[in-house]
There are 2 protein chains.
Amino acid sequence: MDKDKIDKKDHILDVAEKVFSDQGFDGASTRSISGEAGVNMAMLNYYFGSKEGLFLAVFNRKINSFKDLLQDLGNDEHLSAWDKVSTYIDMYAERVVNNNCFQKMLYQEMSMNKRGELSENLTRILMENVNEFHKILKEGIDKGEFNEDVDMELVTATIYGTKNFIINAPQLTSMMLGYDILDEKNLEEKFKPRIKAYQKKLLKSYLVKENDKTQNTYPAYVK
Amino acid sequence: MDKDKIDKKDHILDVAEKVFSDQGFDGASTRSISGEAGVNMAMLNYYFGSKEGLFLAVFNRKINSFKDLLQDLGNDEHLSAWDKVSTYIDMYAERVVNNNCFQKMLYQEMSMNKRGELSENLTRILMENVNEFHKILKEGIDKGEFNEDVDMELVTATIYGTKNFIINAPQLTSMMLGYDILDEKNLEEKFKPRIKAYQKKLLKSYLVKENDKTQNTYPAYVK
DNA sequence: CAAAATTAATCAAACGATTGATTAATGTAA
DNA sequence: TTACATTAATCAATCGTTTGATTAATTTTG
């Protein structure tokens, strides 16, 4: 059946995503992936051509929905620049929580040198997202809503990096925060609201001009 | 000679650090390390016992100097809490620039699950640094110098994460910043002063109470 | 001192295990 | 039958490690 075939491919991709993110591209063997997925090893090559093809398939399955979502936000006429940044922070936190395996896999691969075509693809696509966010920041600066000397590139690095650090070094950050950061429930109930509130407060105090700041009414983050 | 022996071991560690950080633990083969170092393959096992032993040797060579430096800063009576944070940002930026290969290697390994003893060692030692920094933040809060609702853990994640992101995804961040982030000269002349100024401004606006903020006199960062 | 004994350093070769990939055979459904 | 799906078996290549032999350096002994 066509349906079964799609389900099976999808199931392989689910397992591959998890194994790749746990062990890295080199550390994950095709045998362990196929074994954990309960399919014959040859099926990976049959479906995806190669190990790298499988990796790219995992990647491509995720990225398509991102850019559209972000563009819609950027083009919304009813929102102030800060509201857009705020919404972006929310969106990004949601994405990270729900796709933390993928995010880990992604940046693990990006940190390797010399895996030519693959790295270039990842870079190119992520760069599109970066540019969309920069548009929002630039809009805020041009409108006089944000400070003129805002360092747009490093603000971006801060948003991406803070989240990345927490997800990619879970052993350390779990110890820091006092709960298991990889546990679904903690991620949803504790981490998600906390990182949202924190990043908004942090960036608002940096981005928004003094006279534009309303009184801060942030919810106390969950300890 | 004893001297030559130490030099040779040190040279192997230098090369291993670079190869590990480029290719990851699994991606780096003992053959490529020994080949690039110009020594026989068996020497790695002769000196370091195993591939993992070599990795740990690279790691241990670096970490020893860190904690002392940080403790001295924390115990300095003459500095305000903000001055300490500011100095810490400077120290951290210096360290990152001068050890970016190592930093990359470190967080690559930390992002993998289930490499038991190794990961635990890394976590434990990094946690000591985290705690030293938290002491400084707590001091600032207790003294009334910083806001009471500062999220200490996420501030730490911001400092570490922003830098990490830039170093670990050099292809992306080089494209963002408009220059090669791995080039020594760019790192020293452009990136280092810029990240210092940025992080200080960002954190000052978040940490320090309004009435304690002096007028901002940051140097324009290098574009 | 010099000869002998011991230790350390280095090497080429090969080990068994595992890797990603391919094959040929078999099963299945239209 | 025909086309696709799935399997077990197998491939060459590469992995980390070990080996036995050889050379260089050091120590011990006479």
Hey, is A:R194 close enough to B:D151 for a salt bridge, meaning N to O under 4.0 Å? yes
Given atom CZ of A:F55 and atom P of C:dG20, what is their separation to the nearest angstrom? 14 Å
State whether A:Y46 places a side-chain N or O below 4.0 Å from either non-bridging phosphate oxygen (OP1 or OP2) of D:dA5. yes
Quick one: salt bridge (Lys or Arg N to Asp or Glu O under 4.0 Å) partners of A:E184, sequence neighbours excluded? none
Nearest whole angstrom, please: distance from the C1' of C:dT18 to the CG of B:D26. 13 Å
Rounded to the Å, how far apart are A:M43 CE and D:dC4 C1'? 10 Å
Within less than 4.0 Å of OP1 or OP2 of D:dC15, is there a side-chain N or O belonging to B:K51? no
Can you measure A:F20 atom CZ to C:dT19 atom P for me and round it to whole angstrom units? 13 Å
Length of the CZ-P vector between A:F48 and C:dA21, whole Å: 13 Å
Across the strands shown, which category fits A:S29 at heavy-atom distances under 4.0 angstrom: base, sugar-phosphate, nothing? sugar-phosphate
Could you list the residues that satisfy ring-ring contact (aromatic ring centres under 6.0 Å, His included) with A:F133, not counting sequence neighbours? A:Y88
Short N/O separations, protein against nucleotides 8-12 of chain D, under 3.5 angstrom:
from  : atom 1 : to    : atom 2 : distance (Å)
D:dA8 : OP2    : A:N40 : ND2    : 3.4
D:dA8 : N7     : A:N40 : ND2    : 3.4

Length of the CG-P vector between B:N45 and C:dC15, whole Å: 18 Å
A:F191: ring-ring contact (aromatic ring centres under 6.0 Å, His included) partners, not counting sequence neighbours: none
Across all chains, not counting sequence neighbours, the salt bridge (Lys or Arg N to Asp or Glu O under 4.0 Å) partners of A:D90 are A:K200
Whole Å only: how far is the CD1 atom of B:I33 from the P atom of D:dC15? 11 Å
Tell me, please, which residues at least two apart from B:K192 pass salt bridge (Lys or Arg N to Asp or Glu O under 4.0 Å). B:E94, B:E188
